[in-house]
Amino acid sequence: MNIFEFIRDPSQIGPWFHQLLLSAGMQEWVANLIGDVIGVLLIVGAVLTSAIFLIWLERKIAARLQDRVGPNRAGPYGLLQTLADIVKLLTKEDVTPDGADRVSFNLAPALMVMQIIMVAAIIPISAGLIGANLSVGLLYFIAMSGIASIGALMAGWASNNKYALLGGFRVVAQLLSYEIPLAFSLLAAVIWTGTMATNNLAMQQGELLFGFIPGWNILVMPFAALIFFIATLAEGERAPFDLLEAESEIVAGPNIEYSGLKFAWFYLQFFVNSLLLACIFTTVFLGGWQGPFVDQFPLLGIVYFFVKSLLVLLALMWVRATYPRLRIDQMMTFCWKVLVPVTLVVVLIVAIGARITPDRSINAVIISGANIVALLVTLGIIGRSLRRDVQRRKAALPGRSTAQV
Amino acid sequence: MEFTFLHVIFLAVAGFTLLCGLGVVVSRNLFHSAIWLIGAFAGVAAIYWLLEAEYLAIAQIMIYIGAIATLIVFAIMLSRGMMIGRAKMNNFQAGISAVVGILLFALLAFILLQVEWPVVQQAVVADPIPMMGQAFVTTYVIPFQVIAVLLSVALVGAIMIARER
C-alpha cells in the first residue's frame, strides 16, 4: 500500500500496521497489544496537548466577545501564553492543606483527567478512525461522566475546606440532574438511528432524505439537539451553569485548595471536556464526519469533523462569554421542571414518529415538525409562567416600579 | 490448559478487585471504604469486559459507580461524625459474623466446584444491543413494563416525601 492510499483513507493505517507486525513474525496477541498501546498513547497525547491550544482559544475568543484584547504578549497573537502558564504552574509550590486526606486529595485530579481520556476513545474523527467503536458507545459516554462527579466530590471532601465541599456537592447535584435530559436527548437520536456505536451513528446520518437532504439528526430532531446543547452547557460546567465555581458564592468550587500541577489537571479537564462534548454533539446531531465527497476521500472527514466540532465549541464559548450565571435553585428548577418533562415528550415523539409510516423520509419530516411544535409550545408555557410570576410579584410589591421586581 | 495473555489480565483484574474488597472492610475511615468500594466495582466491570459483556460492564459502571457509589458517599458525608472519625473495626457480633462469613464462603465455593456449569462453544454475538432491545419489547415486555412502573412510582414517591408542605 502506498502513501497516497493512506492520505486518501487514514483509517487504513491501523490494519496495515497490524499486518506489518504480523509479517515481522510476531504473534497475534503481541501485535494486538502493540497496536492497542500505540492507540492509547496517541489518544492520551492528543487529549493532553489539545488543552494547550484550547485554553488559548477560549481566552482569546472570550476576550474578543467581551471587547477585550486577551492574551497578546507571549508570541504572535499570544499563542505562547498557555506555555508560559504551564511553566508557571510547574514551578509553583505543590501545597497539600493541613488536615487534607492525602490519598483522595491526590486521586481526585487523576480521576477527572481519566474521564476525559476515556471519553476521547469513542470520538470518531473520520470514517473508521476511532479509538474503540463500542456497541454501547453513548452509554459509555454517560457512564464516564459519573466518574468525573465522583472525582469532584472526592476533591471537595479531601480538601478539608467547607467551600470545596459545597462545590463538590454542587457538582454532583448538577451533573446528576442534567445527565437525565442529556441521556434522554441522546436516546431520541439512538431510537432514530438505531445504534449506540458512535462511528455507526455518524455513518447512519449519511443517508439522504428524499434523495437530497442530509439526514443529520439536528434536522430530524432540532428540539432534541437544543436540549442536548443546554445539557452540554451544564455537563461542561459552563456559564450560565457554572454554579460550582461561582466565585462570589463559594470561591472556586472543589478545586480551591489545589495548586501547581494538580490544579492544572482540573483546568485541563474543564477545557478538554468542552471540546469532547462538542465532538459528541457533532457526532450525534451534526452527522459527525459526514460531508460532500467523504465517500471518495475519507480524509476529508477529519476536516469536516473538526470544522463542525470547533463551531459547536465556539457556540459553547459564546454562551459562556455572554450570559450571566443562574442561581442554583433556578438551575435545578429549569432542569427538573422544564428539561426533564420536555425530553420525555421528545423521546415519545421520536419513538412514535420513527414507525408511523414505512418511508423514513416522511417520518423524518413528521418528527421534525412535531419537534418544532413541541419547542414552540414549551416556549409558550415558559413565557406564560414567567409573566404570571412577574405579575404576582408586582401585586405583592405595590409601591415599586416593574424595573425592580 | 494453556496459559495465555488473557489469563494474566484476568488475574491482575481479579487481584485488584479482591484487594479493593479487602480495603473496604479493613480501612478505618468510612470515606476510604467507599473509595475502595468504587475500585471493587470498577474491577468487576473490567471482568465483565473481559467476558465481552460490554453492555453489562457499562451498566455496572453507570449504576454502581455513577449512582450507587455517589449515594453511599453522600450518605457517609451527611452522617455526623462518620466522615472524620475513625470507625471501630469490630463490635460484639464479630464472632457470629465470622462464622456466617466462613459458612457462606464454603457454600459458594462448594456450589462453584460441584455444579456442572453448561458451557457452549460459541462466539459472543458481535452487536447484542439490538437483540436485547428487541427482547425487551417482545418476550420480556411485561417485566420491562412492571419495572418501569415501579421506578416511576419510586421517583414520584421520593419527590412526595422530599416536598415541603
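In what follows, chains are A, B, ... by sequence order, proteins preceding strands, each numbered from 1. Only a predicted model underlies this, so the values are computations on that prediction, with no experimental measurement involved.
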In terms of side-chain heavy atoms, does A:Ser135 have a donor or acceptor partner in B:Glu54 at a distance below 3.5 Å?
yes
Restricting to non-hydrogen atoms, name the atom on A:Trp157 and the atom on A:Leu165 that form the minimum distance, rounded to 0.1 Å.
CA-CD1, 3.8 Å
Specify the closest pair of heavy atoms between A:Val172 and A:Ser149, including all atoms of both residues, with the distance to one decimal.
CG2-O, 3.8 Å
Contacting region of B:Ile63 [heavy-atom separation from chain A under 4.5 Å]:
neither
Counting only heavy atoms closer than 4.5 Å, note whether A:Met144 contacts chain B via side chain, backbone, both or neither.
side chain
Contact origin within A:Leu153 toward chain B - heavy atom pairs under 4.5 Å
both
For the interface with chain B, which of A:Leu107, A:Leu134, A:Leu33, A:Ile142 has the highest count of heavy-atom pairs at distances below 4.5 Å?
A:Leu134
Given the side-chain rings of A:Phe105 and A:Tyr258, with only the six-membered ring counted for Trp, is the space between their centroids under 6.0 Å?
yes
